[in-house]
Amino acid sequence: MSLFLSRIIRALRLDKQLFEEVEADPKSMLQAMAVVVLASLAGAVGIPGEEETPFLLGALGGLFAWVVWAFITYLVGTKLLPTAQTVSSPAELMRTLGFAYAPALLNVLGVMPVLGWAVRGITAVWMLVAWVIAVRQALDYESTGRAVLVCLIGWVVVLGLNLLLILTGLSG
């Protein structure tokens, strides 16, 4: 089995050692990027009845969101809520958070009649848990609560940015 596929399976299993491994491996950036692109494409396929967004735009949008989320998470986690052990970089967070997108690969199953929305809901929660584990490992936190708080603050900031884009007419 390839290293890439093995890492995806370990991310799906929420293996905290996987997140430590990719945090320390600068060569895993392309793999993390590939997970984000594939997850974005899976999400686009898994929404039945929606107007089709060109796959390239969906992939680019997913990559942009990943970079923004990682940078915001880096700022919140290292500047606002660091611990004495917190040492990280935006690249480390991009790698760990890229693999935290792995559960979203299952969104391709969202096309299933009746069960599709349940699948999307389950993968959203699964991805959130993966995100918290990735943040905890990348920022060297001992507390899961602190990682949850970093993710929550980051989510509020991204939500605010999205709202600002909508209100200014720069979105969609």
**OP:** Count the heavy atoms belonging to other residues, nucleotides or ligands that lie under 6.0 Å from CD of Glu142, then report whether that count exceeds 12.
**Re:** no
Subject >> Residue pair Leu139, Thr78: steps toward the side chain to side chain contact (heavy atoms under 4.5 Å, CB included) verdict >> reply: CA-CA 7 Å; Leu139 296 176; Thr78 62; 3.7 Å; yes
Subject >> Trp126 side chain to Leu12 backbone, donor-acceptor under 3.5 Å >> reply: yes
Subject >> Distance (rounded to the nearest 0.5 Å) between Thr168 OG1 and Leu163 CG >> reply: 9.5 Å
**OP:** Kindly indicate, with the supporting measurements, whether the criterion side chain to side chain contact (heavy atoms under 4.5 Å, CB included) is fulfilled by Ser40 and Leu63.
**Re:** CA-CA 8 Å; Ser40 299; Leu63 288 172; over 6 Å; no
**OP:** Please confirm whether the backbone N or O of Gln31 pairs with a side-chain atom of Ser28, one donor and one acceptor, at under 3.5 Å?
**Re:** no
Subject >> Within 6.0 angstrom of Phe64 CZ, more than 12 heavy atoms from elsewhere >> reply: no
**OP:** Indicate the atoms forming the closest heavy-atom contact of Pro26 with Ala24, along with that distance.
**Re:** CD-O, 3.2 Å
**OP:** Return yes if some donor-acceptor pair links the side-chain N/O of Trp66 with the main-chain N/O of Met94 below 3.5 Å, else return no.
**Re:** yes
Subject >> Derivation of the side chain to side chain contact (heavy atoms under 4.5 Å, CB included) call for Gln85 and Tyr141 >> reply: CA-CA 7 Å; Gln85 297 82 22; Tyr141 289 160; over 6 Å; no
**OP:** Could you pull out the closest heavy-atom pair between Ala134 and Leu97, with the gap in Å?
**Re:** CB-CD2, 3.9 Å
Original post:
Can you tell me how far the CG atom of Leu38 sits from the CG atom of Asn107, to the nearest 0.5 Å?
Top reply: 12.5 Å
**OP:** Enter the distance from Ile122:CD1 to Leu106:CG here, rounded to the nearest 0.5 Å.
**Re:** 10.0 Å
Subject >> Hydrophobic cluster membership, Ile153 vs Val148, 4.5 Å side-chain cutoff >> reply: no
**OP:** Could you tell me whether a side-chain N or O of Arg7 sits under 3.5 Å from a main-chain N or O of Phe99, the two making a donor and an acceptor?
**Re:** no
Original post:
Measuring from Trp69:CH2 to Tyr101:OH, what's the distance to the nearest 0.5 Å?
Top reply: 8.0 Å
Subject >> Minimal non-hydrogen separation, Ala34 against Phe4, with atom names >> reply: CB-CZ, 3.8 Å
Original post:
Would Val87 and Phe19 show up in the same hydrophobic cluster when neighbours are defined by side-chain heavy atoms closer than 4.5 Å?
Top reply: no
**OP:** Quick one: pull up CZ in Arg10 and CG in Leu3 and give me the separation to the nearest 0.5 Å.
**Re:** 8.0 Å
Subject >> Under 3.5 Å donor-acceptor, Arg95 side chain and Val22 backbone >> reply: yes
Original post:
Which atom pair, heavy atoms only, marks the closest approach of Ala11 to Ala102?
Top reply: CB-CB, 3.7 Å
Original post:
Does Thr96 use its side chain to pair, donor to acceptor, with the backbone of Glu23 at less than 3.5 Å?
Top reply: no
Original post:
Shortest non-hydrogen contact from Ile72 to Gly154?
Top reply: CG2-CA, 3.8 Å
Subject >> Euclidean distance, Gln17 CD relative to Gln137 CD, rounded to 0.5 Å >> reply: 7.0 Å
Subject >> Common cluster, Val158/Leu128, ILVMFWY with side-chain heavy-atom separation under 4.5 Å >> reply: no
Subject >> Exercise: identify the closest heavy-atom pair between Ala147 and Val132 >> reply: CB-O, 3.6 Å
**OP:** Assess whether side chain to side chain contact (heavy atoms under 4.5 Å, CB included) is satisfied between Val76 and Leu149, documenting all intermediate values.
**Re:** CA-CA 9 Å; Val76 172; Leu149 187 57; over 6 Å; no
